[in-house]
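Take a look at the structure below.
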Amino acid sequence: MSTDQGPGQQTSRTAQPATAPAAVGMGVTHSRYVPYSHAHYAGNLVDGAYSLALFGDVATELCVRTDGDEGLFASYSDVQFRAPVRAGDCLEVTALLVRVGTRSREMDFAVRVVARGTPEAGVSGAAVLDPPVLATTARGTVIVPPQAVRSGSSEGPRRVESDTPGAREM
């Protein structure tokens, strides 16, 4: 159910249960443009923490899809910055489930630059990179609460209350 109401009024929607139990090989990919406001260093370089934040985003979606819960990031066991990420880049960020514990989910992460601004071609010039550049990799562990762990059976939808005006059913 989705309702559009005026500002300040609560919107109610039905959240769907997790789409599938956690299984090795499941993955999520996000595409993201890196705005120039995120450049921290000369040459429009973006700090490495930017990639780590993106890893948190894909890990969250993967946990929502597998466990119906956002989970809590517990640790990284390996992070490698292999190539620069720059403002103006178009990125693909992936999370791949590589180990499923009782409550832990171990994932491999990657940031790939699929397009990059080319100022030498003009102020708004850009080019698709073929092949994409592997910029950052990591392995991380996310923990889901015991009540979120799926046993393989499908639960019914849960009600979610939102105070965001214009919120829509997902």
- [ ] Measure across L45 and R86 and return the closest heavy-atom pair with its distance rounded to 0.1 Å.
- [x] CD2-NH1, 3.3 Å
Open item on the list: Could you check whether atom CG of L72 has more than 12 heavy atoms from other residues, nucleotides or ligands sitting under 6.0 Å from it?
Closed with: no
Task: Side-chain donor or acceptor of D57 paired with backbone N/O of T60 under 3.5 Å - done: no
Open item on the list: Count I, L, V, M, F, W, Y as connected when their side-chain heavy atoms are under 4.5 Å apart, and connections chain through other members. Are L134 and L54 then in the same cluster?
Closed with: no
Task: side chain to side chain contact (heavy atoms under 4.5 Å, CB included) assessment of M107 paired with L62 - done: CA-CA 9 Å; M107 301 173 195; L62 190 51; 3.9 Å; yes
TODO: Take V113 and L129, measure what side chain to side chain contact (heavy atoms under 4.5 Å, CB included) needs, and give me the verdict at the end.
DONE: CA-CA 7 Å; V113 181; L129 303 181; 3.6 Å; yes
Task: Common cluster, V34/Y36, ILVMFWY with side-chain heavy-atom separation under 4.5 Å - done: no
Open item on the list: Measuring from atom CG of D69 to atom CD1 of I143, what distance do you get when rounded to the nearest 0.5 angstrom?
Closed with: 11.5 Å
Task: Sub-4.5 Å side-chain heavy-atom contact between T137 and D108 - done: no
Open item on the list: So V24 and L97, do their side chains get closer than 4.5 Å, heavy atoms only?
Closed with: no
Task: Non-hydrogen atoms of T118 and A126 that approach each other most closely - done: OG1-N, 3.1 Å
Open item on the list: Are T94 and F109 packed together at the side-chain level, in the sense that at least one heavy-atom pair is separated by less than 4.5 angstrom?
Closed with: no
Task: Stepwise side chain to side chain donor-acceptor pair (under 3.5 Å) check, H30 with E92 - done: CA-CA 6 Å; H30 288 187; E92 283 186 352; over 6 Å; no
Task: Spacing of E70 atom CD and E61 atom CD [to the nearest 0.5 Å] - done: 11.5 Å
Open item on the list: For V142 versus C63, what's the shortest heavy-atom pair and its separation?
Closed with: CG1-SG, 3.4 Å
Open item on the list: Do R65 and M26 have side chains that approach each other closer than 4.5 Å (heavy atoms only, starting at C-beta)?
Closed with: no
Open item on the list: Any salt bridge linking D89 with R116? Criterion: basic side-chain nitrogen under 4.0 Å from a carboxylate oxygen.
Closed with: yes
- [ ] Start with the C-alpha gap between Y41 and V46, add the side-chain angles, then the distance that decides, and say whether side chain to side chain contact (heavy atoms under 4.5 Å, CB included) holds.
- [x] CA-CA 7 Å; Y41 305 104; V46 175; over 6 Å; no
Open item on the list: How long is the straight-line distance from CZ of R139 back to CD of Q80, given to the nearest 0.5 Å?
Closed with: 11.5 Å
TODO: Could you tell me whether the side chain of Y76 and the main chain of T141 form a donor-acceptor pair under 3.5 Å?
DONE: no
Task: Any donor-acceptor N/O pair, R103 side chain to V144 backbone, under 3.5 Å - done: yes
TODO: Please examine the side chains of V111 and Y50, heavy atoms only from C-beta on, and report whether any two atoms are closer than 4.5 Å.
DONE: no
Open item on the list: Minimum heavy-atom separation for G140 and F73, please, with both atom names.
Closed with: CA-CE2, 4.0 Å
Task: For P35 against A87, the heavy-atom pair lying closest together - done: O-CB, 3.8 Å
Open item on the list: Are there over 12 heavy-atom neighbours, none belonging to E106, within less than 6.0 Å of that residue's CD?
Closed with: yes
Task: Shortest non-hydrogen separation from V133 to A83 and the atoms involved - done: CG1-CB, 3.5 Å
Open item on the list: For a 4.5 angstrom cut-off between non-hydrogen side-chain atoms, does L91 reach R112?
Closed with: no
